[in-house]
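One structure below.
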Amino acid sequence: MGNANKKEEVIGAVCFQNIEGEQEQELSFKKILLDETLVQGELWVDVEALSRAGGINHRLCAKKNYELCLRIAKKYRIIRADLTKKSDYLAGNKYRQLQTDQEADSEIQGWKTDCYVISRYKKELLEMQSFDDAVKSIIMTEGRKAADYLEDLLSENDEYYRIYDNTQPVLIYVGDELCYNVLDLFARCLGRALQERGCSVIYFDMSKQKIDDITVFIGRRLKAVIGMQTYLFSVKQKDGTFLHDAIGAPEYFFVFDHPVWLRHHLTHVPKQMTVLTPDGNYAAFIEKYYGHKAIFFPPAGQEQYCGQRDRLYDISFLGTYRDSLLDELKDLRKNDKKKAYFVNRYILYMRQNIDETPEKALEKLLKHYRLSCSKESFEEQFFSVRWTILRLAHYYRRKVVETLLREGFTIHVFGDSWKNCPLRRYDGLIVHEQAIGEQAIKVYGNSKLSLNIMTWHKDGFTERIANALLQKSVVVTDRTTYLEQNFINDEEMLIFGLDKIKELPHRIRLILSDEQLRGSIAERGYKKAKEQHTWNKRAEDLLMLMK
């Protein structure tokens, strides 16, 4: 549906008006261009046509529907019909009704849209021998201000492309196999959500296409380029310049790990890049140490509900197992005792300041030793001990799980990393095959409680939390500033401190023993996630950001 060669078969939009007694009319691009009143009225657009045409252009102040119809008419049929015929056209088809253009806005700012339309379709107007008449008409009506504005747009200045680019495709990089294809899933979920909101989306599949193929986008106008922790933003051309600087679009780089792990990708990047992170502290770190605009923008959850009434698992945990902190410290002592002592002290400071960022703990440690250093040398120091962040997170992951197992709870875990771990000595640890993507969603839907232990996010939110909430599973997670400020503890989820793990078994037992309490927490958490943490909501937020 929507191919150019099928234009005669596809109705991209229907404008319903009071035209009783008149014949239904097919509106060509030329007819609409010369008479905007033909598409005034109740406008319904095919959802796919809306997306392929580039959606509503919110950078216009007026006549948005009229300008959209021009773009749709380039690809699809548009029909003008009587209001009484609505059911004939809309039955069985996926149409969306658009909000009517405000007459007051059209009167005040409509001339600006007219200037843009004349500029964008200058070639067509010249072919129709209507260009001079269109220019004279708007100048006679609006005067010098319109003449100056039109002249600027005709020169294809920044203002012209600010408006034009908003209807161009969003390029999304997919096909990344990292993290069990989770990043690829994020990219495709966001892409679908953007399409549902009228964006045209094109994908570059890294698993099937060569890097050199990206060069086809050089010089092309795009609404945005989106990548999920990808190396592609660091790709350079033969002359040493960044390839994405030659693409006319802002770049949005999603970063999910602590930025220090992505140091290379954050120091070798194009000019227009904005970094989006799942942790407010990550955003602050990026702006301070790497000098990029960074915004808290966490991943979201999938809306399709598959929760079960009778749930198989009391507690599930979809994290992996890794327990190498002590082994790595032993190896470090053998090779570099001085470094080992420093790292030991650093880990101690992170544990003593368990709610603070790892960089803040390092600052306190250096201050304790009365060591001062420049911003650059501090980042170097932090980079050298970055591995401790993940190892310490896994240390607490094991500690939480083992505490619950000792108290007699049954915990269902998933993946090969658990098959030979020391915790297998507990009968309550039930190991299943790996669950990712849709399989993970089904696990959440079969879990009364979903355990989450952050990888040392201190002001963050993750897709694991969102997906569990959206399956009406009670989330049990260690605290972050964001969670404590945006969720009600014991009412929408169970939030605990890593320094209060001993209290966790009692709190969990209360929820599991009270079906009504568990249900009420699950429902409230679900409602919050449905409102704030779906990919549709993220698409909406991203479009606002693009504005």
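This one's a predicted model, so the numbers in the text were calculated from it and none came from an experiment. Excluded from the calculations below are hydrogen atoms, water molecules and symmetry mates; all remaining heavy atoms, backbone and side chain alike, are included.
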Do N157 and S155 meet the criterion of a side-chain donor-acceptor pair at a distance under 3.5 Å?
-> no
In terms of side-chain geometry, is the basic nitrogen of D541 or K537 positioned less than 4.0 Å from the acidic oxygen of its partner?
-> yes
Looking just at side-chain N and O atoms, do Q471 and Y305 make a donor-acceptor pair shorter than 3.5 Å?
-> no
Audit row: H265, Y231, ring-ring contact (aromatic ring centres under 6.0 Å, His included) steps and yes/no = CA-CA 6 Å; H265 297 313; Y231 65 90; 7.1 Å; no
Any E433 side-chain heavy atom under 4.5 Å of F414 side chain | no
Assess the side chains of E159 and Y149: does a donor N or O sit below 3.5 Å from an acceptor N or O?
-> yes
Parallel, tilted or perpendicular: rings of Y116 and Y160 (30°, 60°) | tilted
Charged N to carboxylate O below 4.0 Å: is that the case for R162 and D158?
-> no
Quiz item: cation-pi between R386 and F383, 6.0 Å / 45° | yes
Considering all heavy atoms, the nearest H292-L266 contact = NE2-O, 2.5 Å
If you take all heavy atoms of D279 and T277, which pair is closest and at what distance?
-> O-OG1, 2.7 Å
Where is the tightest heavy-atom contact between L232 and M206, given as atom of each residue plus distance?
-> CD1-SD, 3.4 Å
Before accepting this row, confirm whether a basic side-chain N of the pair D245/K271 lies closer than 4.0 Å to the acidic partner's carboxylate O.
-> no
Without hydrogens or angle criteria, can the side chains of R120 and T167 be said to hold a donor-acceptor pair below 3.5 Å?
-> yes
Output all residues satisfying ring-ring contact (aromatic ring centres under 6.0 Å, His included) with Y121, sequence neighbours left out; order by chain, then residue number.
-> F29
Around K145, counting heavy atoms of other residues, nucleotides and ligands shown, do more than 12 lie under 6.0 Å from its NZ?
-> yes
Minimum-distance pair of heavy atoms, taken over all atoms of N65 and Q99 | ND2-O, 3.0 Å
Are D82 and F16 side-chain neighbours, meaning at least one heavy-atom pair lies under 4.5 Å?
-> no
Between R77 and E26, does at least one N-O distance fall below 4.0 Å, as a salt bridge requires?
-> yes
Would you sort out whether N452 and R464 count as a side-chain hydrogen bond (donor to acceptor under 3.5 Å, both in side chains), showing the intermediate values?
-> CA-CA 7 Å; N452 175 71; R464 296 185 298 276; 3.0 Å; yes
Is the number of heavy atoms from other residues, nucleotides or ligands within 6.0 Å of CD (E531) greater than 12?
-> yes
Which heavy-atom pair separates A193 from W535 by the least distance, and what is that distance?
-> CB-O, 3.4 Å
Show your working on ring-ring contact (aromatic ring centres under 6.0 Å, His included) between F256 and Y282 and close with a plain yes or no.
-> CA-CA 9 Å; F256 302 105; Y282 289 4; 10.0 Å; no
For K31, does its backbone N or O pair with a side-chain atom of D35 as donor and acceptor, under 3.5 Å?
-> no
Electrostatic pair E523:K527 at N-O distance under 4.0 angstrom = no
Within 6.0 angstrom of K30 NZ, more than 12 heavy atoms from elsewhere | no
Do E24 and Y89 have side-chain N/O donor and acceptor atoms under 3.5 Å apart?
-> yes
When rounded to the nearest 0.5 angstrom, what is the spacing between CD1 in I226 and OH in Y203?
-> 9.5 Å
Scan side-chain atoms only and decide if Q302 and E438 contain a donor-acceptor pair under the 3.5 Å cut-off.
-> yes
Taking all heavy atoms of A187 and all of I172, pick out the closest pair and write down the distance.
-> CB-CG2, 3.9 Å
Is the NZ or CZ atom of R263 positioned over Y290's six-membered ring, under 6.0 angstrom from the centre and within 45° of the axis?
-> no
Measure from the ring center of F296 to the ring center of Y482 and say whether it is less than 6.0 Å.
-> yes
For this output row, return yes or no: ring centroids of F217 and H244 closer than 6.0 angstrom.
-> no
Apply ring-ring contact (aromatic ring centres under 6.0 Å, His included) to F204 and list each qualifying residue two or more places apart in sequence or on a separate chain.
-> Y173
Would you please say whether a donor-acceptor pair under 3.5 Å links the side chains of Q109 and W111?
-> no
Side-chain donor-acceptor pair under 3.5 Å between N281 and D459, yes or no?
-> no
Is L98 close to L68 at the side-chain level, that is, under 4.5 Å between some pair of heavy atoms?
-> yes
Ring centre gap for F254 and F186 strictly below 6.0 Å = no
